[in-house]
Trainee: 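First, the structure itself, so that you have it in front of you.
Below, each value reflects all heavy atoms present in this structure, side chains not excepted, and no hydrogens, waters or symmetry copies. In this text the structure is predicted, and so the values were computed from the model without any measurement.
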Amino acid sequence: MAQVTELAMMAFVLRTEQDMAQVHTNREWKGIAVRIMILILTAVCLSPLNPFIGTSYAQEQDTILPGSGIVYPGGYDQNTVGDIKGRVSAIVIPESGPVQLTLIVDKETYIVLASPGWYWKDMDANITGGTEVSVRGSKSVGKDGKLYIIAQELKVVGSKKTLAFRSETGKALWSSGSQAGRTGSQGSGFGSQSGGSGSSSGGFGSSSRGQSGGGSSGKGRGGR
């Protein structure tokens, strides 16, 4: 009888040790699972495509703008680069797509396609109706018959304020989330080595020292 009791006690102790080991193992797995979840959540929060942050800072995909048929932001053509100078009559800052300024240039009207709204606001552009500006960019005529210019940079006339939207090759500066678009007199604005704004009309074939596509090719709507 005593031997049976001793065997029963040994079996109970062994079972208890096994149960405790199983509990310990489960706790370890739970700890590992918690750490994995923390790492996943951290990666999601730091991702530039984090859905909780929003998509405004993500790199834009090319889209065709309604009405004009212009591809944005990838429709910049170095062969049609020129300069215009005029007065802002209206400005639209949409939730998506480019900021659009209506610019009165002599007897013509241009629609300036600038940057996305969030980048425009980050630069503290503060452009209002009646402001006189010089714009350098890629000119085109939309399917709606209106004149457009995809802006590379914009300068407020009579001040040192220059807003840079694209590089010399037309690459969008906001594609990397850069917020360095605003420059002063030492930046890449008009009057710098990239070439200043030319005649007030900015037509191709003018004396502007802009990029090579603007002077000799005579492409686009020039001489106006």
Trainee: Any chance you could measure Ile111, atom CD1, to Ser140, atom OG, to the nearest 0.5 Å?
Mentor: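 Going from the CD1 atom of Ile111 to the OG atom of Ser140 covers 10.0 Å.
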Trainee: Could you grab the distance from atom CG of Leu65 to atom CD1 of Ile70, nearest 0.5 Å is fine?
Mentor: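 Here the interatomic distance stands at 6.5 Å.
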Trainee: Using side chain to side chain contact (heavy atoms under 4.5 Å, CB included), reason through Tyr72 and Asp62 one step at a time and then give a plain yes or no.
Mentor: CA-CA 5 Å; Tyr72 177 89; Asp62 282 345; over 6 Å; no
Trainee: Under 3.5 Å, is there a donor-acceptor pair between the side chain of Asp144 and the main chain of Lys146?
Mentor: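 Such a contact is found between Asp144 side chain and Lys146 backbone.
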Trainee: What is the distance from atom OG1 of Thr169 to atom OH of Tyr76, rounded to the nearest 0.5 Å?
Mentor: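 Going from the OG1 atom of Thr169 to the OH atom of Tyr76 covers 8.5 Å.
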Trainee: For the residue pair Pro98 and Trp120, establish whether any side-chain heavy-atom pair is separated by less than 4.5 Å.
Mentor: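 A side-chain contact is absent here, since even the closest heavy-atom pair is not under 4.5 Å.
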Trainee: Do Thr128 and Val88 come close enough that some side-chain heavy atom pair is under 4.5 Å?
Mentor: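 With C-beta onward as the side chain, the pair stays apart.
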Trainee: Kindly indicate whether the side chain of Arg166, heavy atoms from C-beta on, has any atom under 4.5 Å from the side chain of Trp174.
Mentor: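 A side-chain contact exists here, since the closest heavy-atom pair is under 4.5 Å.
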Trainee: With respect to Gln152, which candidate in Gln78, Lys171, Glu168 satisfies the side-chain hydrogen bond (donor to acceptor under 3.5 Å, both in side chains) definition?
Mentor: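 Exactly one pass, corresponding to Glu168.
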Trainee: Are Phe165 and Leu173 packed together at the side-chain level, in the sense that at least one heavy-atom pair is separated by less than 4.5 angstrom?
Mentor: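 No, every pair of side-chain atoms sits at 4.5 Å or beyond.
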Trainee: Can you list everything that forms a side chain to side chain donor-acceptor pair (under 3.5 Å) with Asn126? Sequence neighbours excluded, please.
Mentor: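 Side chain to side chain donor-acceptor pair (under 3.5 Å) list for Asn126, sorted by chain: empty.
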Trainee: Which heavy atom in Ala151 sits nearest to a heavy atom in Ala114, and how many Å separate them?
Mentor: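 Here Ala151 and Ala114 meet closest at CB-CA, 4.4 Å.
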Trainee: Should side-chain heavy atoms under 4.5 Å link Ile, Leu, Val, Met, Phe, Trp and Tyr, which residues sit in the same cluster as Ile64?
Mentor: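 Members alongside Ile64: Val71.
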Trainee: With rounding to the nearest 0.5 Å, note down the distance linking CD1 in Ile149 to OH in Tyr110.
Mentor: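 Rounded to the nearest 0.5 Å, the CD1-OH separation comes out at 7.0 Å.
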Trainee: Start with the C-alpha distance between Glu132 and Lys85, add both sets of side-chain angles, then the distance that settles side chain to side chain contact (heavy atoms under 4.5 Å, CB included), and finish with yes or no.
Mentor: CA-CA 7 Å; Glu132 189 176 8; Lys85 180 180 178 181; 3.4 Å; yes
Trainee: Work out which heavy atom in Gly75 is nearest to a heavy atom in Ser138; give both atom names and the distance.
Mentor: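 The answer is O-OG, 4.3 Å.
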Trainee: Between Thr102 and Ser89, is any side-chain donor less than 3.5 angstrom from a side-chain acceptor?
Mentor: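 Result is no, nothing qualifies.
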Trainee: Determine, stepwise, if the pair Val99 / Ile91 fulfils side chain to side chain contact (heavy atoms under 4.5 Å, CB included).
Mentor: CA-CA 7 Å; Val99 173; Ile91 180 171; 4.1 Å; yes
Trainee: Which distance, rounded to the nearest 0.5 Å, do you find between the NZ of Lys139 and the CG of Asp83?
Mentor: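 Atom-to-atom, Lys139:NZ and Asp83:CG are 7.0 Å apart.
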Trainee: If we ignore hydrogens and angles and just use 3.5 Å, is the side chain of Lys161 paired with the main-chain N or O of Ala125 as donor and acceptor?
Mentor: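 Between the backbone of Ala125 and the side chain of Lys161 there is a qualifying donor-acceptor contact (under 3.5 Å).
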Trainee: Nearest 0.5 Å, please: how far is CD1 in Ile150 from OG in Ser115?
Mentor: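 Answer rounded to 0.5 Å: 13.0 Å.
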Trainee: Taking the side chain as every heavy atom from C-beta outward, state whether Leu147 and Val141 have any pair of such atoms under 4.5 Å apart.
Mentor: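 In contact.
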Trainee: Less than 4.0 angstrom from a charged side-chain N to a carboxylate O is my criterion; do Glu153 and Arg136 meet it?
Mentor: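 Salt bridge absent between Glu153 and Arg136.
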Trainee: Using the side chain to side chain contact (heavy atoms under 4.5 Å, CB included) rule, take Val133 and Val112 through it: C-alpha gap first, then chi angles, then the decisive distance, then the call.
Mentor: CA-CA 11 Å; Val133 299; Val112 180; over 6 Å; no
